[in-house]
Amino acid sequence: MSVLPLVFTSGWASGINAYAVVLLLGVFGATGLTDEVPASLQRTDVLIAAGVLFLCEAVADKIPYVDSIWDSVHTVIRPVAGAVVGALLAGESGSLPELAAGAVGGSTALLSHLVKAGTRMAINTSPEPFSNIAMSTAEDLGVAGIITFAIFHPVAAAIIAGVLLVLGIVTVTFLASRIRRFLRRRAQRREEKRLVASGVRRPPD
């Protein structure tokens with residue numbers, strides 16, 4: 001069961017930025033920093049694809065409303081990535097059934113993704129972009145820090161990830177009213193665009 005803490009931590013991080021997790025684990029494995037990373041994550045084509053997608057996310061994730069659209073698209077991608085990474089890590093170590101590791105990684109990634117998406121919806125109720133940039137930067141640094149820490153101290157990193165996940169769920173619960181306002185505003189904008197496109201309403205000057 002020694003790989004379970006790393007699977008849990010990588011799942012939590014995948015729910016925030018799956019491409020960063022794949023990129024970091026691949027680089028750590030390719031440079032010999034750890035032997036826990038399977039060869040499939042160390043392949044050059046995987047590292048290049050993860051790097052390009054990470055740069056795309058780094059930009060999209062800092063733009064108000066675009067970040068929420070990006071999160072919507074990744075509602076499936078991040079949990080799947082968490083499950084795949086977890087299964088690969090388990091298969092490499094042989095200390096945990098791959099199906100169980102995939103379930104742990106995928107479910108943890110889904111929870112952290114929902115926390116991330118909900119927090120961004122609340123932040124987008126504010127018109128200024130600086131909070132989006134600050135939050136995105138903090139998330140990127142947090143993912144990089146905790147994945148690096150997990151390579152050397154997997155149990156401690158898993159405890160930190162678990163605490164952050166619980167705190168995130170509590171925070172999103174308190175921010176639920178702001179999230180509902182965001183969803184109503186987005187629905188109103190979509191309806192206005194539809195009416196303008198259909199000619200029912202004139203576009204604003």
Side-chain angles (χ1 to χ4, degrees), residues 1-51 53-54 57-58 61 70-71 73-119 138-172:
M1 298 293 288
S2 61
V3 78
L4 182 58
L6 182 57
V7 169
F8 178 84
T9 303
S10 65
W12 172 83
S14 294
I16 298 173
N17 193 325
Y19 306 124
V21 173
V22 173
L23 180 62
L24 286 169
L25 290 178
V27 169
F28 291 156
T31 55
L33 192 61
T34 177
D35 57 1
E36 296 279 353
V37 179
S40 55
L41 293 180
Q42 302 177 35
R43 290 169 38 185
T44 302
D45 57 337
V46 171
L47 293 177
I48 291 175
L53 290 169
F54 168 74
E57 176 149 337
D61 207 39
W70 185 269
D71 285 338
V73 173
H74 284 74
T75 299
V76 175
I77 296 174
R78 287 171 182 158
V80 169
V84 170
V85 170
L88 289 174
L89 290 172
E92 181 71 11
S93 70
S95 61
L96 182 69
E98 295 180 27
L99 184 61
V104 171
S107 58
T108 306
L110 177 60
L111 286 174
S112 63
H113 164 75
L114 294 176
V115 169
K116 172 187 169 74
T119 304
E139 289 170 350
D140 292 342
L141 294 175
V143 166
I146 201 164
I147 289 295
T148 303
F149 187 58
I151 295 298
F152 302 100
H153 306 284
V155 175
I159 292 173
I160 294 172
V163 170
L164 291 175
L165 181 59
V166 171
L167 290 176
I169 293 172
V170 172
T171 300
V172 169

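These values consider heavy atoms only, across backbone and side chains, with no hydrogens, waters or symmetry-generated copies.
- Each of Thr108, Val143, Val85 was checked for a side-chain contact (heavy atoms from CB on, under 4.5 Å) with Ser10, and the lone residue meeting it is Val85.
- Taking CD1 of Ile151 as the start and CZ of Phe28 as the end, the distance is 6.0 Å to the nearest 0.5 Å.
- Using a 4.5 Å heavy-atom threshold, the side chains of Leu114 and Val172 count as separate.
- With sequence neighbours left out, the side-chain hydrogen bond (donor to acceptor under 3.5 Å, both in side chains) criterion links Asp140 to Asn17, Lys62.
- How far OG of Ser40 is from CG of Leu88: 4.5 Å, rounded to the nearest 0.5 Å.
- Interatomic distance, Thr148 OG1 to Leu25 CG, rounded to the nearest 0.5 Å: 9.0 Å.
- Taking Glu139 as the reference, Lys116, Arg120 meet the salt bridge (Lys or Arg N to Asp or Glu O under 4.0 Å) condition, with sequence neighbours excluded.
- Distance CD1/Ile16 to CD1/Ile146: 8.0 Å, rounded to 0.5 Å.
- Around CG of Leu33, the count of heavy atoms belonging to other residues, nucleotides or ligands within 6.0 Å exceeds 12.
- Under the ring pair (Phe, Tyr, Trp, His ring centres under 6.0 Å) criterion, Tyr19 pairs with His74, sequence neighbours left out.
- Leu53 CG to Leu23 CG: the interatomic distance, rounded to the nearest 0.5 Å, is 10.5 Å.
- Identified under the ring pair (Phe, Tyr, Trp, His ring centres under 6.0 Å) test for residues 139-172, with sequence neighbours left out: Phe149-His153.
- Considering every non-hydrogen atom in both Gln42 and Val37, the closest pair reads NE2-O, 2.9 Å.
- Between the side chain of Ser14 and the backbone N or O of Arg78, no donor-acceptor pair lies under 3.5 Å.
- In this view, Pro154 and Pro5 satisfy the side chain to side chain contact (heavy atoms under 4.5 Å, CB included) rule, not counting sequence neighbours.
- Not counting sequence neighbours, the partners of Val46 by the side chain to side chain contact (heavy atoms under 4.5 Å, CB included) test are Val22, Arg43.
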